[in-house]
Amino acid sequence: MIKKAVIPAAGYGTRFLPITKALPKELLPIIDRPTIEYIVNEAIEAGITDILLIVSSNKNAIIDYFDYNIELESILLSKNKVEEYKLVRNIAQNVNIHYIRQREQLGLGHAVLQAEAFVGNEPFAVLLGDDMYVGKDQPAIKQLMDAYDVVQSSVLGTMEVELKNTSKYGICTPKSDAVKPYVELKGVVEKPKVEEAPSRSAIGGRYILTPGIFKLLKNQERGAGNEIQLTDAILRLMATEKVYAYDIIGKRYDVGNKVDYIEAILDFGLKKDEIKEDLQKLINRKAK
Ligand code: G1P
């Protein structure tokens, strides 16, 4: 059973500068809750009991968000604002959140390496904060956990992207005899040039990895963008273990992309009872 998840949250958030100069990108709000809370909730819904958030020096506001705020809570109670009290008290209950600081931002692979002591010798989940999912029937990461139960090997959550977008992702090379839904891979490459993309099957920010990844991350050379890439270590893992791709079923939002981020706000807003009707009217007005 996979019980541990790692959420890297140490990146600079350059796509959302200047706000990310002072606000961690993981706290950009989908109306009234930060994006990272949706990622944490996805893990909780999947049955994860322990989450390691990998943060960096300017991300203390994330730690505050998942902590109790005793002063605020007592003020809300003293004013008899019980609903508001519950709103702030009930964030990320039923999960243990742990933190570690990545002391220098050397890349996603280096960030995941920080989780070695937390993970120990078990398979574990990785959820990237830029990718938000509304999974069909099951949370995205639960779909991969179920796939792991079948293949007993690392599983990359994938999606088909347009050829012109392959240079933004880790792109998979399936084995020639691979069949969906559990697609055994013979390769994976981080952000290939469009003309060199081996397929249109892209990693969508969700992984189940075996602990064998750590010894590879330790001596992983820098790759695309001069960063220590998780994708490169996964490629090397294929020399000794099977690695599979599994297409996640559901809607994905790349909340590091401004238009996708706005779409997420609209879609979640349209599900919120207190605003959905007014928001729909606004959308209709704007569409004219
Ligand atoms: C990371 C991974 C990449 C993956 C992508 C998904 O890239 O390195 O393999 O396809 O997330 O969002 P980033 O977007 O952080 O550059």
Side-chain angles (χ1 to χ4, degrees), residues 1-9 26 36-55 62 66 90-100 108-109 111-129 131-159 170 172 178-185 188 203-218 230-231 233-234 236-238 240-252:
M1 271 301 263
I2 294 166
K3 290 286 173 195
K4 293 179 182 172
V6 174
I7 304 182
E26 294 79 9
I36 195 165
E37 190 178 353
Y38 289 91
I39 314 283
V40 165
N41 285 345
E42 177 189 329
I44 296 172
E45 281 164 31
I48 295 290
T49 58
D50 286 83
I51 294 175
L52 179 68
L53 290 182
I54 300 174
V55 294
I62 298 177
F66 288 109
N90 290 344
I91 293 166
Q93 295 285 9
N94 308 322
V95 72
N96 303 309
I97 303 189
H98 312 253
Y99 301 93
I100 193 165
L108 178 60
V112 172
L113 178 58
Q114 311 308 309
E116 184 179 20
F118 165 79
V119 167
N121 199 26
E122 307 167 24
F124 63 104
V126 178
L127 298 90
L128 304 189
D131 299 281
M132 266 178 66
Y133 283 90
V134 179
K136 185 171 182 300
D137 303 330
Q138 294 281 6
I141 198 66
K142 179 71 166 66
Q143 297 176 28
L144 300 191
M145 289 159 68
D146 290 346
Y148 176 86
D149 284 343
V150 176
V151 298
Q152 296 286 315
S153 303
S154 295
V155 184
L156 316 180
T158 45
M159 62 199 172
C172 299
V179 277
K180 286 191 176 185
Y182 311 108
V183 177
E184 197 185 335
L185 300 178
V188 65
I203 303 172
R206 296 290 182 277
Y207 312 74
I208 304 296
L209 296 173
T210 55
I213 198 71
F214 291 117
K215 70 173 188 298
L216 300 170
L217 286 171
K218 274 183 201 156
L230 180 60
T231 303
I234 293 172
R236 290 167 62 220
L237 189 65
M238 288 175 202
T240 53
E241 296 180 19
K242 292 183 176 187
V243 177
Y244 289 80
Y246 181 92
D247 281 346
I248 293 171
I249 305 168
K251 167 90 179 147
R252 168 182 177 266

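Because the structure is predicted, anything quoted here is derived from the model rather than measured.
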Should Tyr99 and Leu52 be marked as a side-chain contact (heavy atoms from CB on, under 4.5 Å) after you check the CA-CA gap, both sets of side-chain angles, and the distance that decides it?
-> CA-CA 5 Å; Tyr99 301 93; Leu52 179 68; 5.5 Å; no

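- The distance from atom CE of Met159 to atom CD1 of Ile203, rounded to the nearest 0.5 Å, is 9.5 Å.
- Shown here for Ile48 and Asp50, the closest heavy-atom pair between the two residues is CG2-O, 3.4 Å.
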Criterion side-chain contact (heavy atoms from CB on, under 4.5 Å) on Phe66 and Val95, from CA distance to verdict = CA-CA 11 Å; Phe66 288 109; Val95 72; over 6 Å; no

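- In this structure the side chain of Leu230 reaches within 4.5 angstrom of the side chain of Ile213, judged on heavy atoms.
- Not one N or O on the side chain of Tyr133 forms a donor-acceptor pair closer than 3.5 Å with the backbone of Ile248.
- A distance of 11.5 Å separates CD1 of Ile54 from CD1 of Ile62, quoted to the nearest 0.5 Å.
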Kindly indicate, with the supporting measurements, whether the criterion salt bridge (Lys or Arg N to Asp or Glu O under 4.0 Å) is fulfilled by Arg206 and Glu42.
-> CA-CA 11 Å; Arg206 296 290 182 277; Glu42 177 189 329; 2.8 Å; yes

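- Within a 6.0 Å sphere centred on CG of Asn121, other residues, nucleotides and ligands contribute 12 heavy atoms or fewer.
- Distance check, rounded to the nearest 0.5 Å: CG of Leu144 to CG of Asp149 gives 11.5 Å.
- Looking only at distances, a side-chain donor or acceptor of Gln143 sits under 3.5 Å from a matching main-chain atom of Ile249.
- Under the 3.5 Å distance criterion, the side-chain polar atoms of Ser154 are left unmatched by any main-chain donor or acceptor of Val243.
- Side-chain contact check for Val6 versus Gln114: every heavy-atom pair is 4.5 Å or farther apart.
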Intermediate values then yes/no, side-chain contact (heavy atoms from CB on, under 4.5 Å), Thr210 and Ser153 = CA-CA 7 Å; Thr210 55; Ser153 303; 5.6 Å; no

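- Taking every heavy atom of both residues into account, Leu108 and Pro8 meet most closely at CD1-CG, 3.8 Å.
- Heavy-atom neighbours of Lys136 NZ from other residues, nucleotides or ligands within 6.0 Å: at or below the threshold of 12.
- Taking a cutoff of 4.0 Å between a charged side-chain nitrogen and a carboxylate oxygen, Arg252 and Asp131 qualify as a salt bridge.
- Counting only heavy atoms from C-beta outward, the side chains of Tyr148 and Ile2 approach each other to under 4.5 Å.
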Under the side-chain contact (heavy atoms from CB on, under 4.5 Å) criterion, do Leu209 and Ile234 qualify, and how do the steps go?
-> CA-CA 9 Å; Leu209 296 173; Ile234 293 172; 4.0 Å; yes

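- Between Ile141 and Ala43, the shortest heavy-atom contact is CG2-CA, 4.3 Å.
- Partners of Tyr246 by ring pair (Phe, Tyr, Trp, His ring centres under 6.0 Å), not counting sequence neighbours, listed by chain and number: Tyr182.
- Remark: Ile44 CD1 to Thr49 OG1 distance equals 10.5 Å, nearest 0.5 Å.
- The two atoms that bring Leu113 and Lys218 nearest to each other are CD1-CG, 3.8 Å, heavy atoms only.
- Here the CG-OG1 distance, from Leu185 to Thr158, works out to 8.0 Å after rounding to the nearest 0.5 Å.
- Separating the CD1 atom in Ile97 from the CD1 atom in Ile7 is a distance of 7.5 Å, to the nearest 0.5 Å.
- With a 4.5 Å cut-off on side-chain heavy atoms, Met132 and Ile39 count as touching.
- For Ala245 against Cys172, the heavy-atom pair with the smallest separation is CB-SG, 4.4 Å.
- Using a distance-only test at 3.5 Å, with no hydrogens or angles considered, no donor-acceptor pair links the side chain of Lys142 to the main chain of Glu45.
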